[in-house]
Amino acid sequence: MNARTLIEKQVPKEVSKPAKFGMFGGKFVPEILIASLSKIEAEFIYALQDTEFQEELATALRDYVGRETPLYFAQGLTNYYKNKDGEGPEIYLKREDLNHCGAHKMNNAIGQAMIAKRMGLKSVVAATGAGQHGVATAAACAKLSLSCTIFMGSADMEKQSSNVLLMKLFGAQVKPVEGNFKEASSEAIREWVGNLDTSYYLTGTVVGPHPCPSMVCEFQSVIGKETRRQAMEIWGGKPDVLIACIGSGSNALGLFHEFIEDEDVRLIGVEAAGFGLDSGKHAATLSKGEVGIYHGAMTYLLQDEEGQIIRPHSIGVGLEYPGVGPVLSFLKDTGRAEFYSATDKEAVEGMYKINYMNNYVKLFNFAQNLAPCLLFAGYLRLCRLEGIIPALEASHALAYLEKLCPTLPNGTKVIVNCSGRGDKDAATVCNYKWGTGSN
Amino acid sequence: MAATTAASITTAAATTAATKLQSSSSSLLKPYSSSQLPFKFTKFTTSRAPSRFAISCTLATEAAVEMEEVADSDPSQWKRPDSFGRFGKFGGKYVPETLMYALTELESAFHSLKDDPEFKKELDGILKDYVGRESPLYFAERLTEHYKRPNGEGPHIYLKREDLNHTGAHKINNAVGQVLLAKRLGKQRIIAETGAGQHGVATATVCARFGLPCVVYMGAQDMERQALNVFRMRLLGAEVRGVHSGTATLKDATSEAIRDWVTNVETTHYILGSVAGPHPFPMMVREFHRVIGVETRKQALEKWGGKPDVLVACVGGGSNAMGLFDEFIKDEDVRLIGVEAAGLGIDSGKHAATLTKGEVGVLHGAMSYLLQDEDGQIIEPHSISAGLDYPGVGPEHSFLKDKGRAEYYNVTDEEALHAFKRLSRLEGIIPALETSHALAYLEKLCPTLPAGTKVVLNCSGRGDKDVQTAIKYLQRNNRLMLSWLWKSYFVFPEGKALLLSKV
């Protein structure tokens with residue numbers, strides 16, 4: 001089977017990926033894009049069947065990205081969540097922060113860049129919010145000698161200036177767009193539409209017209225596949241609970257996808273509640289959104305009564321997305337997955353509960369060194385207990401452990417997707433002000 | 001230098017005192033009569049009158065220390081180190097008396113734990129799940145293309161991806177090993193020195209992981225250059241103490257850390273960051289880093305069924321280089337190349353090329369090459385990269401240089417910056433400025449290598465911490481930027497876009 005055959009005929013049902021998930025998903029795009037999307041879908045399906053491509057991808061994931069990432073038993077965190085009887089769940093971290101470029105985004109960027117190269121395209125266009133997807137795309141394009149243009153909201157460019165520098169160092173052109181991620185992605189799609197024959201739109205999220213959600217999900221699903229194998233090796237079973245933060249949902253889907261059919265595995269997504277779910281300044285799409293069409297797909301999204309998109313807010317810039325992947329919308333509606341949210345405060349700030357003596361030492365050291373900043377929950381807890389600096393996005397998932405762990409029976413195996421490292425967030429954490437909850 | 005002079009004065013004075021004692025033992029008041037002295041002075045004789053500057057250790061109860069004969073040409077016969085911690089004449093233990101016990105205790109603990117299967121299992125588990133080993137051996141396709149000659153021939157370049165480790169450098173391999181050792185020894189406090197901050201971050205990280213309080217000494221000048229690393233250390237719970245003495249850089253931080261250790265030696269373990277310092281540190285740090293070379297051998301065998309032909313690594317103190325080289329020292333067909341920092345130029349006086357321009361002396365407890373003036377005072381080194389800004393070098397490197405087993409070259413700040421950008425643009429990997437020195441040397445090396453030579457370069461750290469420094473230097477030096485952009489227009493397909501970018 002080759003791509004030409006697939007383009008000329010319909011992609012056979014037995015190998016194609018579903019375009020719709022219940023009522024969610026689909027291909028709500030202008031007619032000019034339909035042909036390009038079909039070409040991409042055909043190339044994608046063909047690549048999945050091609051052993052040479054799979055080998056090349058596996059080599060790139062192993063030697064360039066640094067997979068497989070460890071499933072790390074977080075002793076400090078586990079001890080912290082033990083109750084007074086010494087019982088509690090066992091907490092493991094899937095270390096996506098150890099990937100090249102420091103986040104799970106690279107799994108998808110390298111896969112899609114390789115597809116673009118196969119298609120003979122010379123340039124790549126992408127949009128980025130936090131900058132992680134932009135950095136990963138720019139790096140992958142440098143490696144594969146593709147020219148790269150990244151669109152980024154000007155507000156985001158200021159907050160994440162270090163990521164902008166990284167993209168430029170990789171040789172990408174970074175174009176500012178008035179607004180934030182949603183404006184940037186619209187602009188990127190416009191640019192793509194203008195150059196359909198030579199450029200490839202590299203999506204970083206599981207939102208978008210078919211086949212984008214399926215492609216991103218497929219490339220990110222390596223996370224879940226490795227997790228299954230590692231769980232079997234470490235404790236001879238499956239995980240009981242999987243937790244991940246949700247912006248658009250790529251890291252969550254990457255972890256969950258493998259286990260969707262395993263009904264005994266609980267899937268928990270944690271969104272950003274920003275200043276609070278009732279404040280109007282949050283990004284908790286699955287809690288507060290309504291169904292609509294956005295970026296080519298039907299899904300939950302944050303919209304007002306007139307159907308206009310509400311600008312989201314979160315201290316974790318990567319979670320600031322008004323929509324969410326259609327698969328996740330479907331998982332919510334069917335009740336297969338549970339979705340909660342954590343505020344900026346909970347992710348960054350909170351009471352630092354001390355259960356054992358040696359933390360007092362760290363408490364005093366910390367107070368001396370970081371007087372203006374205060375004791376934080378998800379973010380700082382992982383720094384102090386495990387020596388791992390998580391991204392603020394991943395800190396939302398870690399913050400939810402506060403509410404979850406007291407409810408879990410002894411010995412429950414919990415895996416949290418540590419989706420990125422937090423060096424990029426150091427300045428934000430430093431400037432965070434107690435009480436006002438602002439930067 | 002100070003230690004040896006002190007030793008000579010003490011021994012000369014003691015000799016004189018002993019001679020006096022011999023002639024007037026009966027006039028000594030009790031309880032100091034000769035019969036109560038720990039050894040028999042009356043039997044003491046000197047063969048000749050000692051001069052003012054002689055070093056004579058004849059008061060020692062043990063036999064005089066002999067320099068062991070080292071078979072010159074056969075690396076498998078070399079003792080690295082010998083029982084006194086020396087690599088040939090380099091190395092040793094030039095430290096105040098208070099530290100001797102701690103060093104001996106450390107050495108014996110290390111030797112007993114090194115082969116302990118439980119210790120090894122624990123260490124391997126942490127290296128795998130926490131640090132993220134094994135790090136890949138990555139074939140740098142575009143870099144290899146870049147170095148192909150017009151006839152299409154050239155070496156194959158592989159990068160050992162130590163930049164993918166947790167905390168972003170090779171430093172954590174050693175930090176993890178040493179903190180496990182410290183816990184076994186029952187130490188309650190950890191101290192460390194740091195230049196670039198990477199070792200400080202690695203130490204703070206492992207201390208957070210293992211629940212030990214941590215103090216990191218850092219030169220005030222370095223703290224400014226590497227503010228991100230300072231903040232990371234504080235986030236992880238370490239106390240970062242700025243050192244303002246001397247030139248406020250790595251060597252002063254090391255001196256301060258040693259001072260702290262001398263004061264608190266019973267409760268404190270000093271995690272030295274490089275293969276410098278008194279024995280057993282050079283050996284211990286090398287042993288914890290040698291996993292780099294061991295993995296490389298295995299991966300080379302898997303990838304091309306052979307050994308690497310050339311190993312290239314940057315050299316500051318020398319830990320990443322030793323980690324890669326150690327496994328291959330006995331393989332004489334493997335070329336070992338270390339690249340130091342030539343700063344503003346090897347003749348400018350502002351560089352850190354110890355093995356090229358230094359002379360033998362004692363610094364921080366070990367005899368090695370170091371950058372010193374005619375009075376034996378340390379010359380302040382300079383490099384754009386804080387991690388290579390060290391006026392000394394590990395004694396084992398000095399040994400390998402003298403034996404001719406390894407070759408040492410140097411590259412300037414400017415060449416390193418070019419290499420920094422080159423790897424970013426060609427492979428989508430941002431190397432640390434330290435690593436960029438090794439990468440820069442490829443420019444001179446590759447044209448001399450036959451087709452298909454397997455070159456493995458230790459990509460010892462990632463460069464996110466250096467982006468601000470690199471941009472600052474590049475923007476300041478417009479001529480540099482324009483000439484780079486001019487070259488890149490012709491080299492890279494996306495040259496036009498680069499010219500238009502503001503970097």
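Chain identifiers are assigned alphabetically (A, B, ...) following the order of the sequence lines, protein sequences preceding nucleic acid strands; residue numbering begins at 1 within each chain.
Using a 4.5 Å cut-off between heavy atoms, B/K303 contacts chain A through its side chain alone, with no backbone atom that close.
Two residues are said to be in side-chain contact when any heavy atoms from C-beta on lie closer than 4.5 Å; B/F139 and A/T59 fail this criterion. Considering only heavy atoms from C-beta on, A/S145 comes within 4.5 Å of B/R142 through its side chain.
When the candidates B/L137, B/I429, B/V131 are compared by the number of heavy-atom contacts under 4.5 Å with chain A, B/I429 comes out ahead. The choice from A/L144, A/D423, A/T69 that makes the most heavy-atom pairs within less than 4.5 Å of chain B is A/D423. Ranked by heavy-atom pairs under 4.5 Å with chain A, the list B/Q299, B/R133, B/E141, B/R232 is led by B/R232.
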query = Hey, mind stepping through B/L164 and A/L98 against side chain to side chain contact (heavy atoms under 4.5 Å, CB included) and telling me if it holds?
reply = CA-CA 6 Å; B/L164 290 177; A/L98 290 176; over 6 Å; no
Margin query: Test side chain to side chain contact (heavy atoms under 4.5 Å, CB included) on A/L71 and B/D129; report intermediate values, then the result.
Written below: CA-CA 6 Å; A/L71 185 63; B/D129 289 341; over 6 Å; no
- Chi angles and distances behind the side chain to side chain contact (heavy atoms under 4.5 Å, CB included) call for A/H100, B/D163: CA-CA 8 Å; A/H100 182 46; B/D163 60 298; 4.3 Å; yes
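For the pair A/R95 and B/Y130, the distance from NZ or CZ to the six-membered ring centre is under 6.0 Å and the angle to the ring normal is within 45 degrees.
Between the side chains of A/K143 and B/Y138, a donor-acceptor pair is found at a separation under 3.5 Å. Counting only N and O atoms by type, the side chains of B/H166 and A/R421 include no donor and acceptor under 3.5 Å apart.
A/R62 places no side-chain N or O within 3.5 Å of a backbone atom of B/P136 that could act as its donor or acceptor partner.
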